[in-house]
*Asks:* 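Please find one structure pasted underneath; my questions will follow.
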Amino acid sequence: MEDGNVGETLLKKKYYENCPGCKVDKAKELKTDVSFRNLLNIWMVVLCSSLPISSLFPYLYFMIRDFNIAKREEDISAYAGYVGSAFMLGRSLTSISWGIVADRYGRKPVAILGIISVIIFNTLFGLSTSFWMAVTTRFFLGCLNGLLGPMKAYCSEIFREEKQALGLSTCSLGHRFNNWTSFGRLFGSVQPTVKYPNLFPKDSFWDKFPYFLPSISISAFAFVVAIACIWLPETLHNHPLSNESIDDAEALETGRNGRAGKNKIIQKDENLFLNWPLMSSIVVYCIFSLYDISYQEVFSLWAVSPRRLGGLNFTTENVGDVLAISGIGLIVYQLSLYPSLEKSFGPARFARISGVLAIPILQSYPFIAMLSGITLYLVINIASLLKNILSVTIITGLFLMQNRAVEQRQRGAANGIAMTGMSIFKTIGPAGGGAVLAWSQKRMHASFLPGTHMVFFVLNIAGGLGVLLMFTPFLTEKKKTPSQQLH
């Protein structure tokens with residue numbers, strides 16, 4: 001009888017009245033954590049952070065051309081890659097620091113500061129009059145936009161474990177929504193004085209800065225999100241670590257409360273670089289981030305390239321249409337199909353299957369370029385949708401494994417490490433992808449993998465390496481404790 005009372009005491013979690021993290025935990029215990037408001041908060045904040053990353057790809061080719069820095073048309077892709085890489089270089093230098101700040105002061109302040117950086121530096125990017133101004137503004141935007149890692153931690157904290165797939169899939173959707181929705185269509189509508197001469201007269205401000213319209217559109221959206229963040233729930237606890245924060249069910253099982261608590265505290269302070277489930281998932285995540293950002297850069301540049309260089313000869317509006325259709329499909333998939341499929345297969349196995357299926361789809365792109373008319377539009381839309389569904393499945397699965405591998409007090413730093421590694425690889429991705437595409441277009445008549453066959457083959461090498469590393473013994477998932485299995 002006495003043991004039963006002890007068990008009830010241990011299993012009853014103590015909530016602090018003025019602690020925002022306790023309020024969130026209480027909502028999870030009462031199963032009121034999943035709401036449209038929480039999902040919308042996550043989506044808006046992550047979208048705001050991600051919009052500047054690659055929303056410029058549909059028009060970057062033409063922006064570099066207008067800077068007159070490329071001596072030959074084939075060199076435009078290489079210079080475009082440097083602009084795309086500048087953001088990731090800046091973010092790679094500061095992501096761990098932002099993660100530590102988020103662990104100490106909360107996820108919400110980091111989110112607000114990151115959104116403010118979007119408002120300022122994305123606006124300045126739209127006013128760029130030279131290649132180096134574009135590179136500089138992108139670099140500083142990357143340095144100060146450190147909210148994506150903390151928001152990944154936030155997604156795993158705001159929901160119960162069985163709903164984390166829904167939260168992280170929403171995060172992943174927001175991260176990619178900038179490329180694959182009607183925003184892509186909007187960002188194809190640059191050079192407004194040419195397309196809408198009645199609204200934007202010739203020799204006006206809009207004629208001097210033809211790429212300002214998409215930039216200021218993002219900044220205006222960011223301003224609205226910054227205001228909305230005032231009501232964003234905080235998940236970080238503001239009270240000292242105590243016995244109530246220890247896994248009481250595990251302590252009850254061992255029957256040695258003091259020693260169990262001590263061991264738990266030591267575990268919470270462990271060296272993250274020695275946490276193999278975390279580090280293995282980060283390594284694979286970095287490889288697929290390189291693969292993914294390179295694909296995004298290559299796809300937009302390849303699609304607008306002329307037919308004689310193996311491209312589709314699309315306009316920026318055509319590219320925006322493809323991205324918008326893919327976005328609609330991704331919304332349906334992420335919010336309806338992914339959570340149930342992840343539950344059936346598990347994040348690691350589901351990611352492996354997706355990685356294997358993506359390889360033949362990507363290698364078919366040069367053959368798709370041989371089509372024309374309505375057949376070309378139909379096939380490239382199907383291929384783009386399937387390719388991005390598979391990519392988002394891989395990335396979301398790795399998000400889940402990373403956040404389940406650490407405790408809350410280290411989750412911001414853990415995601416900061418992941419963001420640093422990812423940003424380093426994504427720094428290489430656009431520059432490397434643009435350079436390989438430019439090189440491929442110079443060897444249109446080669447005997448081995450001529451033209452764009454080569455660039456998609458190189459992308460598949462990175463994807464294939466990532467698939468191999470997703471198998472054990474390299475990639476491992478953190479095993480649940482008995483108490484976690486009960487929940």
*Asks:* Nearest 0.5 Å please: distance from the CD1 atom of Ile368 over to the CG atom of Leu378.
*Replies:* 10.5 Å

*Asks:* Can you confirm whether Ser85 sits close enough to Ile428 that some side-chain heavy atom of one is under 4.5 Å from a side-chain heavy atom of the other?
*Replies:* no

*Asks:* Under 3.5 Å, is there a donor-acceptor pair between the side chain of Asn415 and the main chain of Arg411?
*Replies:*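 Looks like yes, one N/O pair under 3.5 Å.
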
*Asks:* When you compare the side chain of Leu312 with that of Ile380, does any pair of heavy atoms fall below 4.5 Å?
*Replies:* yes

*Asks:* Can you measure from CG (Asp66) to CZ (Phe131) and round to the nearest 0.5 angstrom?
*Replies:*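 It comes to 14.5 Å.
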
*Asks:* Knowing that exactly one of Ile76, Val319, Asn313, Leu60 qualifies, which makes a side-chain contact (heavy atoms from CB on, under 4.5 Å) with Val304?
*Replies:*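 Single side-chain contact (heavy atoms from CB on, under 4.5 Å) partner of Val304 among Ile76, Val319, Asn313, Leu60: Val319.
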
*Asks:* Are the side chains of Asn403 and Cys155 in contact, using a 4.5 Å heavy-atom criterion?
*Replies:* no

*Asks:* Is the closest side-chain heavy-atom distance between Val45 and Tyr154 below 4.5 Å?
*Replies:*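 Sidechains of Tyr154 and Val45: no contact.
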
*Asks:* Between Val392 and Asn388, is any pair of side-chain heavy atoms under 4.5 Å apart?
*Replies:*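 No, their side chains stay 4.5 Å or more apart.
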
*Asks:* Please name the pair of heavy atoms, one in Gly106 and one in Val110, separated by the smallest distance, quoted to 0.1 Å.
*Replies:* O-CG2, 3.8 Å

*Asks:* Kindly state whether the ring of Phe314 and the ring of Trp302 have centres lying under 6.0 angstrom apart.
*Replies:*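 No, the ring of Phe314 stays outside the 6.0 Å limit from the ring of Trp302, centre to centre.
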
*Asks:* Drop me the distance from Phe425's CZ to Ile287's CD1, to the nearest 0.5 angstrom.
*Replies:*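 Taking CZ in Phe425 and CD1 in Ile287, the distance rounds to 6.0 Å.
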
*Asks:* Do Tyr291 and Ser391 have side-chain N/O donor and acceptor atoms under 3.5 Å apart?
*Replies:*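 No pair is found: no donor N or O on one side chain lies under 3.5 Å from an acceptor on the other.
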
*Asks:* Got a donor-acceptor contact below 3.5 angstrom from the Ser340 side chain to the Leu337 backbone?
*Replies:* yes

*Asks:* Classify the ring geometry of Phe367 against His453: parallel below 30°, tilted from 30° to 60°, perpendicular beyond 60°.
*Replies:* perpendicular

*Asks:* Hey, is the main chain of Arg91 close enough, under 3.5 Å, to the side chain of Ser95 for a donor-acceptor pair?
*Replies:* yes

*Asks:* Strictly by modelled atom types, are Ser215 and Thr123 linked by a side-chain donor-acceptor pair under 3.5 Å?
*Replies:*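 On atom types as modelled, these side chains do not qualify, holding no pair under 3.5 Å.
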
*Asks:* Ile417 and Met279: which non-hydrogen atoms are nearest, and at how many Å?
*Replies:* CG2-CE, 4.4 Å

*Asks:* Using modelled atom types and a 3.5 Å cut-off, is there a donor and acceptor pairing between side-chain atoms of Ser300 and backbone atoms of Glu297?
*Replies:* no

*Asks:* Tyr211 and Trp206: ring pair (Phe, Tyr, Trp, His ring centres under 6.0 Å), yes or no, with the steps?
*Replies:* CA-CA 8 Å; Tyr211 307 101; Trp206 302 100; over 10 Å; no

*Asks:* Strictly by modelled atom types, are Tyr377 and Asp321 linked by a side-chain donor-acceptor pair under 3.5 Å?
*Replies:*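 Result is no, nothing qualifies.
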
*Asks:* If I take atom CE from residue Met401 and atom OG1 from residue Thr396, how far apart are they, to the nearest 0.5 angstrom?
*Replies:* 10.5 Å

*Asks:* Please check if the number of heavy atoms outside Phe457 that lie under 6.0 Å from its CZ is greater than 12.
*Replies:* no

*Asks:* Within the structure provided, determine whether Trp98 and Leu147 are in side-chain contact (heavy-atom separation under 4.5 Å).
*Replies:* no

*Asks:* Would you confirm whether Arg107, through its side chain, and Pro150, through its main-chain N or O, come within 3.5 Å as a donor-acceptor pair?
*Replies:*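 No.
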
*Asks:* Name the orientation class of the two ring planes belonging to Tyr79 and Tyr82 (parallel below 30°, tilted from 30 to 60°, perpendicular beyond 60°).
*Replies:*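 Perpendicular: the ring planes of Tyr79 and Tyr82 meet at over 60°.
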
*Asks:* If you measure from OG1 on Thr136 to CG on Leu141, what distance do you get to the nearest 0.5 Å?
*Replies:*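 These two atoms lie 12.5 Å from each other.
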
*Asks:* What are the two closest non-hydrogen atoms of Ser128 and Phe67, and how far apart are they?
*Replies:* O-CE2, 3.9 Å

*Asks:* Output yes when a side-chain donor or acceptor of Asn145 lies under 3.5 Å from a complementary backbone atom of Ile115, and no otherwise.
*Replies:*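 Answer holds: no.
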
*Asks:* With distance as the sole test, does Ser117 use its side chain to make a donor-acceptor pair with the main-chain N or O of Gly114 at under 3.5 Å?
*Replies:*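 Side chain of Ser117 to backbone of Gly114: a pair is present.
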
*Asks:* What is the ring orientation for Phe350 with Tyr338, classed by angle as parallel under 30°, tilted 30 to 60°, or perpendicular over 60°?
*Replies:*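 Parallel: the ring planes of Phe350 and Tyr338 meet at under 30°.
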
*Asks:* Do Gln441 and Ser305 have side-chain atoms, one donor and one acceptor, less than 3.5 Å apart?
*Replies:* yes

*Asks:* Distance-only, no hydrogens or angles: does the Ser130 side chain make a donor-acceptor pair with backbone N or O of Met133 under 3.5 Å?
*Replies:* yes

*Asks:* Do NZ/NE/NH1/NH2 and the carboxylate oxygens of Asp75 and Lys442 come within less than 4.0 Å?
*Replies:*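 Yes.
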
*Asks:* Under a 4.5 Å cut-off applied to non-hydrogen side-chain atoms, are Leu362 and Leu459 in contact?
*Replies:*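 SC-SC contact between Leu362 and Leu459 confirmed.
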
*Asks:* What class does the angle between the rings of Phe221 and Trp43 fall in, given that below 30° is parallel, 30 to 60° is tilted and above 60° is perpendicular?
*Replies:* perpendicular

*Asks:* Which heavy atom of Asn122 sits nearest a heavy atom of Pro52, and at what distance?
*Replies:* OD1-CB, 3.5 Å

*Asks:* Does any N or O in the side chain of Ser384 come within less than 3.5 Å of the main-chain N or O of Asn381, such that one atom is a donor and the other an acceptor?
*Replies:*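 Absent.
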
*Asks:* Look up atom SG in Cys229 and atom CG in Asn41, then write down how far apart they are to the nearest 0.5 Å.
*Replies:* 7.5 Å

*Asks:* What closest approach, in Å, do Lys387 and Ile361 show between heavy atoms, and which atom pair accounts for it?
*Replies:* CB-CG2, 4.2 Å

*Asks:* Taking the ring of Tyr285 and the ring of Phe399, is the distance between their centroids below 6.0 Å?
*Replies:* yes

*Asks:* Do the ring planes of Phe140 and Phe121 sit parallel (below 30°), tilted (30 to 60°) or perpendicular (above 60°)?
*Replies:* parallel

*Asks:* Could you check if a side-chain atom of Phe87 sits within less than 4.5 angstrom of a side-chain atom of Phe139, using non-hydrogen atoms only?
*Replies:* no

*Asks:* Regarding Asn318 and Thr315, is there a side-chain donor-to-acceptor distance under 3.5 Å anywhere?
*Replies:* yes

*Asks:* Say whether, by atom type as modelled, one donor and one acceptor occur between the side chain of Asn460 and the main chain of Ile359 under 3.5 angstrom.
*Replies:*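 At least one qualifying donor-acceptor pair exists.
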
*Asks:* How close do Ser354 and Ile394 get, counting heavy atoms only, and between which atoms?
*Replies:* CB-CG1, 3.8 Å

